[in-house]
Amino acid sequence: MSEGLSLATSVRSHLGGELRSADVGSRVTLGGWVQRQRALGGIVFLDLRDRAGVIQVSFDPKFADADAIRMAGDVGRESVVLIEGEVVARPEGGRNAELATGDVEVKAVTMRVVGPAETPAIPVTLGKGESLPSEELRLRHRYLDLRRPELQANIVLRHRLMQVTRRHLSERGFLEIETPILTKPTPEGARDYLVPSRVSAGEFYALPQSPQLYKQLLMIAGFDRYFQIARCFRDEDLRADRQPEFTQIDIEASFIAAQDIYTLAEGLIAALWKEAGVTIPIPFPRMSYADAVEKYGTDRPDLRYGLELFDATEAFRGANFGITKGAIESGGRIRGLRIPGGAVLSRKQVDDLEALARGAGAAGMLRLKREKGELTGPPAKFLSPEQGAMLGIEEGELCLLVAAPDRVSSPALDRVRQEVAKVMKRVPEKTLSFLWVLDFPLFEKDATTGALGAVHHPFTSPHPDDVALLSSAPEKARAVAYDVVLNGTELGGGSIRIADPDVQRRMFNLLAIDDETAQQRFGFLLEGLRSGAPPHGGIALGFDRIAMLLSGATSLRDVIAFPKTTAARALFEGAPTPVAAEDLRDLHIRLEDEGTR
RNA sequence: GGGGCUGUAGCUCAGCUUGGUUAGAGUGCCGGUCUGUCACACCGGAGGUCGCGGGUUCGAGCCCCGUCAGCCCCGCCA
């Protein structure tokens, strides 16, 4: 973890974790935490930990004063001590190859306990028979948890990724500009975190879900290139990869097209991965949204393994098989995947796959396989030999099919495909498969009401080839919107925005937002657009997620210094918390059921 | 909003299937021995609201109901 800096001060001369053979002979004053003691009677060893690592300190009666030896034996773990002594080479056979400092040790002369510690509530260093404490306790005693080298390394990497981001973008003319944290509630999208206003009774600010409108206004203002490492807030239910407050690398630029954003984001992503020691090839491959959903059933496909979906509708056309016949007649298709070597999967394994498909909304899954040249499985007897051949199932292959409308079969087959890759061990762990998914639809239809909603957001520019569709078939119109995906995980996304106030007005009309509502919600942006807006667009990358991937962590909580739990609680400081009645009064807020609290 | 898993010593866990004497282990902690250890070793000791509340039972860590907390998933996340 050594960063090769001198962190010497008037209190300490070196970082113990940085000492090496070259330092032998130096007089040093170290400060750090007592990680472990080994008292052998006359002689005492302390493992002293600081930001750079661990160094062994020996207290030998021939060098150290008696007070120091006594204190070294008595001091509690995790206490902070200052030690004066000399760096010496360890005796032959006494070196510790597992320690970066293991060729040397510090022979102590004096010691002071400057920060005595009570017995830690959770172990910082795991000893014999100990495993990592529960996450609940780790979060409750976060200052102890953060002392662990693993978390320190994650936080240090996060810092370096931030600096790379700033340098990379600054060097390309991007200006880091802060936008408000107290902002205006937005009815669409995620739930807002609201902040009551004291001076304006009954009115509320919202914490930003993203700086979207502000960054567009900065383009209208002529700053041309903006970025921010922006904190965003969304009051939705959480997951391992979702925190209520999170950090985005937010980027916007003027006089650009989508192509420019791809190049820019690829350069930044390559720089971030390089900082973590990984060279990645750019540019990334690109795929249309329509292709992604057709071939993989998802808008963020994992391309590390094949297992493309295929359309088997033609093979089943005319077959007197109730399930497929019904699906085809009601406008659906028969889609599925062929799994090389999958014929060996057990009945139970395939049942489990079907359960996943059902969990994702499918009524069931059809199975066929070819063994010893013969096609078997429930649908087989309904197919003529010619129809069976159309399925293209090779020897040893298992074929799984879902007969349904695409909106059902796509998510079901996506789940099945991912699980098959896992079960068949087809996922190459080390491969990094970056991908641009382009040309998202502009709108999505609400399944129950049929109303149009924005897929990305209402300021996303329609695809230039599809402008005519806005009047005829808006649900078929594509947007100039793009996501960048790594191994099936969305790293970020963005779009080219609408710069023309007339187009923006049409968008609102299609979204059933009338002029008055639009003015009320987005007036400041609309006025801005009418005052001369350059063509502009941008992207936002999930910074925590990138830090998580690059540090090898499996939870965002391991790359955030003070994260929240899945109930959005902060266990360490204890937020949220009730507040005094007079504070609520000042904010013009009265709680329901106050008497029962 | 829904589903699943977990909660026993400071920490990590066993005990719960099939209710029954004094709830165990490792580690940590406390005391002692030990001059080259490095997950030191050895000897001794203390340490429990079995998450919380209610119920069933002669009897509950164990069975039932509720509740709180943590984690994972679905919905949700423009």
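A, B, ... follow the sequence lines: proteins, then strands. Residue 1 opens every chain. As a basis for the values below, the full set of heavy atoms in this structure was taken, side chains included, without hydrogen atoms, waters or symmetry mates.
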Would you indicate what [X] reaches in the nucleic acid, counting non-hydrogen atoms under 4.0 angstrom: base, sugar-phosphate, or nothing?
| X | result |
| --- | --- |
| Asp235(A) | nothing |
| Arg557(A) | sugar-phosphate |
| Ser210(A) | base |
| Ala360(A) | nothing |
| Gln56(A) | base |
| Leu238(A) | nothing |

Going by modelled atom types, is there a donor-acceptor pair between the base of [N] and the side chain of [X] at under 3.5 Å?
| X | N | result |
| --- | --- | --- |
| Asp237(A) | rC76(B) | no |
| Arg239(A) | rG75(B) | yes |
| Lys62(A) | rG36(B) | no |
| Arg90(A) | rC38(B) | yes |
| Glu105(A) | rG36(B) | yes |
| Arg242(A) | rC76(B) | yes |

Pairwise [atom1] distance for [N] and [M], with rounding to whole Å:
| N | M | atom1 | result |
| --- | --- | --- | --- |
| rU22(B) | rG3(B) | P | 40 Å |
| rU27(B) | rG45(B) | P | 15 Å |
| rC68(B) | rG24(B) | C1' | 28 Å |

May I have the distance from [X] (atom [atom1]) to [N] (atom [atom2]), rounded to whole angstrom?
| X | N | atom1 | atom2 | answer |
| --- | --- | --- | --- | --- |
| Glu419(A) | rC74(B) | CD | C1' | 16 Å |
| Gln37(A) | rC40(B) | CD | C1' | 12 Å |
| Arg36(A) | rA39(B) | CZ | P | 7 Å |

Main-chain N/O of Val104(A) paired with Arg90(A) side-chain donor or acceptor, under 3.5 Å: yes
Can you figure out which of rG70(B), rA39(B), rC11(B) approaches the side chain of Ala567(A) most closely? rG70(B)
Considering only side-chain heavy atoms of Ile43(A), which listed nucleotide, rG36(B), rG70(B), rC71(B), is closest? rG36(B)
Taking only side-chain nitrogens and oxygens of Arg38(A), does any of them come within less than 4.0 Å of OP1 or OP2 of rC40(B)? yes
Presence of Thr565(A) side-chain N/O under 4.0 Å of rG70(B) phosphate oxygens OP1/OP2: yes
First of Ser58(A) and Asp74(A) reached from the 5' end of RNA chain B, by closest nucleotide: Asp74(A)
Assign each of Val455(A) and Thr554(A) the nucleotide of RNA chain B bearing its closest heavy atom; nearer the 5' end lies the nucleotide of Thr554(A)
Report yes if the side chains of Leu218(A) and Glu252(A) come closer than 4.5 Å at any heavy-atom pair, otherwise no. no
I'd like to know whether Trp33(A) forms a side-chain contact (heavy atoms from CB on, under 4.5 Å) with Leu48(A), so could you lay out the CA-CA distance, the side-chain angles of the two residues, the decisive distance to 0.1 Å, and finally the verdict. CA-CA 6 Å; Trp33(A) 285 260; Leu48(A) 189 74; 5.9 Å; no
With sequence neighbours excluded, residues passing salt bridge (charged side-chain N to carboxylate O under 4.0 Å, His left out) with Arg569(A): none
Spatial distance of atom CG (Leu556(A)) from atom CZ (Arg239(A)) [nearest 0.5 Å]: 12.5 Å
List the atom of Gly17(A), the atom of Asp50(A), and the distance in Å for their closest heavy-atom pair. N-OD1, 3.3 Å
